[in-house]
Amino acid sequence: MIAVLAVLWVSAAGHAIPPSVMEPYRAYMAAIESDDLEDAATHAEAAYQAGVAAQIDADTLAALAENRAQIYTDTGDHRRAAAAWNDLTGMLERAGADVDARARVHVLAASQELAAGQRRNALNRAGQALELFPEGSASSIVFEALLIQATAEWQSQRVRSAGPPAVRALDVFGAIEAQPTTSLIQLSVFAGSYYALVREPSESAFYLSLAADYAELFLGRGDRYAIELGTWANYVRRGLDDAQREALFNRQVQSPLYLADIARPAQDEVEPEPRPAGWVDASPSNRIPPTYPSAMLHADLEGVAVVQFSVLENGRTGNINVLFSVPHQEFGRAARRAVQQWRYTPATVDGVPVVRDGVHTQFEFNLRD
């Protein structure tokens, strides 16, 4: 949305605005009217710079600064938008603006820093927004700041660092009872991956189940990504004991994030398809864990890979598919190489070897092991 100021004739302090400011401002308004956003940005910048040079009052200059920042945001000029929002934060701080106004502009600056690929700056700006609020505060601004922090860490391939702000963002979202958005998919994946990495399966199951539910809500039940998230969540849930699954169920149905019309709670998950009489499942005979990818080790990166495969009649593995490899594909490649070398006693029906499809496993590449 384009920020359009009311036509300025006098400043907020009641003084006439000099022609050096009014002329580019009128040109800006004309460009807005003709829907020429690039031209509007040029004139918004000129009006702001003229206001600085003329030392107009702080409130009017802040209005011009916000116009300038918004038009750069709307034209997708992320670096200039970030710089412009940052300029405005300084003005608001000097003017003693209220906390929400200052935090909102910090978040807008952070979002543009993130869009420009300046992740460290985005983290810092989002952190500055959060510092303005007491610990435990819940608002849409706090949620947006935490979303930026989690996303910036994830884009930096830091699963361990992305998890905590993602978890907190989801808690805040539940507290403010906002309308669900697609950002809940990625936040739930960040949180579920983090807990998978640190080997807390109950927590991982909770957030991966949320991710699958929100993916189904926004992408559709037949969407491949939604299906694969559901597969991962089911795999983790099946590794829980009965007490853990009951606790997970209770937590799910009591959570404000729970989607009652879509979710499949832990107690209602679909069990594996029934096997024929005389079935004996495949059992591992040689499973060597994957080697930590050297490039990831040298980069100090951790990750998680989820692999689906079949056990063939000869006990070898086949149909290997890496469902997830976060935050880098190298972890999935290492997992695939390991699974290719695994050997099993094959499944049998009445003593005859058969293919066992749909085997899943998860690997955590954890530097703290």
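Values below: every heavy atom of this structure, side chains too, minus hydrogens, waters and symmetry copies. Numbering starts at 1 and runs along the sequence shown.
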Original post:
Under 4.5 Å between any side-chain heavy atoms of Arg68 and Asp87, yes or no?
Top reply: yes
**OP:** Compute whether any side-chain donor of one residue and acceptor of the other, for Gln244 and Glu246, lie under 3.5 angstrom apart.
**Re:** no
Original post:
Are Trp342 and Phe363 close enough that their ring centers fall under 6.0 Å?
Top reply: yes
Original post:
Is any side-chain heavy atom of Asn86 closer than 4.5 Å to a side-chain heavy atom of Val105?
Top reply: no
Original post:
Can you pull the side-chain hydrogen bond (donor to acceptor under 3.5 Å, both in side chains) pairs that have at least one residue in residues 168-185, sequence neighbours excluded?
Top reply: Thr181-Ser183
**OP:** Assess the side chains of Trp85 and Thr73: does a donor N or O sit below 3.5 Å from an acceptor N or O?
**Re:** yes
Original post:
Can you find a side-chain donor-acceptor pair between Glu302 and His328 that sits under 3.5 Å?
Top reply: no
**OP:** Report yes if the side chains of Asn314 and Pro346 come closer than 4.5 Å at any heavy-atom pair, otherwise no.
**Re:** no
Subject >> Arg125 with Glu113: basic N within carboxylate O range, under 4.0 Å >> reply: no
Original post:
Side chains of Gln70 and Asp74: donor-acceptor distance under 3.5 Å anywhere?
Top reply: yes
Original post:
Does Val198 belong to the same Ile/Leu/Val/Met/Phe/Trp/Tyr cluster as Val189, with side-chain heavy atoms less than 4.5 Å apart forming each link?
Top reply: yes
Subject >> Ala122 to Ala110 - nearest heavy-atom pair and separation >> reply: CB-O, 3.5 Å
Subject >> Heavy-atom neighbours of Asp242 CG exceed 12 at 6.0 Å >> reply: no
**OP:** Report yes or no: does Thr75 contribute a side-chain atom to a donor-acceptor pair with the main-chain N or O of Tyr72 at less than 3.5 Å?
**Re:** yes
Original post:
Is there a donor in the side chain of Asn366 and an acceptor in the side chain of Arg160, or the other way round, less than 3.5 Å apart?
Top reply: yes
**OP:** Please lay out, stage by stage, how Ser209 and Arg237 fare under the test side chain to side chain donor-acceptor pair (under 3.5 Å).
**Re:** CA-CA 9 Å; Ser209 297; Arg237 286 200 297 260; 2.5 Å; yes
**OP:** State, yes or no, whether a side-chain contact exists between Leu248 and Ser202 at a heavy-atom distance under 4.5 Å.
**Re:** no
Original post:
Distance only, no hydrogens: is a donor on one side chain within 3.5 Å (strictly under) of an acceptor on the other, for Thr60 and Asp57?
Top reply: yes
**OP:** Please answer: with hydrophobic residues joined when any side-chain heavy atoms are less than 4.5 Å apart, are Leu197 and Val326 in the same cluster?
**Re:** yes
Original post:
Of all residues at least two apart in sequence or in a different chain, which pass the side chain to side chain donor-acceptor pair (under 3.5 Å) check with Thr151?
Top reply: Gln186
Original post:
For Asn67 and Tyr28, does a side-chain donor sit closer than 3.5 Å to a side-chain acceptor?
Top reply: yes
**OP:** Find out whether Arg119 and Leu114 are in side-chain contact, i.e. whether some heavy atom of one side chain is under 4.5 Å from a heavy atom of the other.
**Re:** yes
Subject >> Listed partners of Glu313 passing salt bridge (charged side-chain N to carboxylate O under 4.0 Å, His left out), at least two apart >> reply: none
Contacts table for residues 132-149: side-chain donor-acceptor under 3.5 angstrom, sequence neighbours left out:
residue: Ser137; atom: OG; partner: Pro134; partner atom: O; Å: 2.7
residue: Ser139; atom: OG; partner: Ile141; partner atom: N; Å: 3.4
residue: Ser139; atom: OG; partner: Val142; partner atom: N; Å: 3.2

Per-pair distances, 0.1 Å, donor-acceptor, side chain in residues 282-296, under 3.5 Å, sequence neighbours excluded:
residue: Ser285; atom: OG; partner: Arg343; partner atom: O; Å: 3.0
residue: Tyr292; atom: OH; partner: Leu301; partner atom: O; Å: 2.6
residue: Tyr292; atom: OH; partner: Phe365; partner atom: O; Å: 3.3

Original post:
Hey, are Arg102 and Thr89 close enough side-chain-wise for a donor-acceptor pair under 3.5 Å?
Top reply: no
Original post:
If you draw a 6.0 Å radius around CZ in Arg80, do more than 12 non-hydrogen atoms from other residues or ligands fall strictly inside?
Top reply: no
**OP:** Would you please name every residue forming a salt bridge (charged side-chain N to carboxylate O under 4.0 Å, His left out) with Arg251, sequence neighbours left out?
**Re:** Glu203
Subject >> Note, His360 side chain near Asn234 side chain (heavy atom, < 4.5 Å) >> reply: no
Subject >> Residue pair Phe331 / Val304, side-chain heavy-atom distance below 4.5 Å >> reply: no
Subject >> Donor on one side chain, acceptor on other, Gln340 and Arg337, under 3.5 Å >> reply: no
Original post:
Quick one: are Leu108 and Leu88 in side-chain contact, heavy atoms under 4.5 Å?
Top reply: no
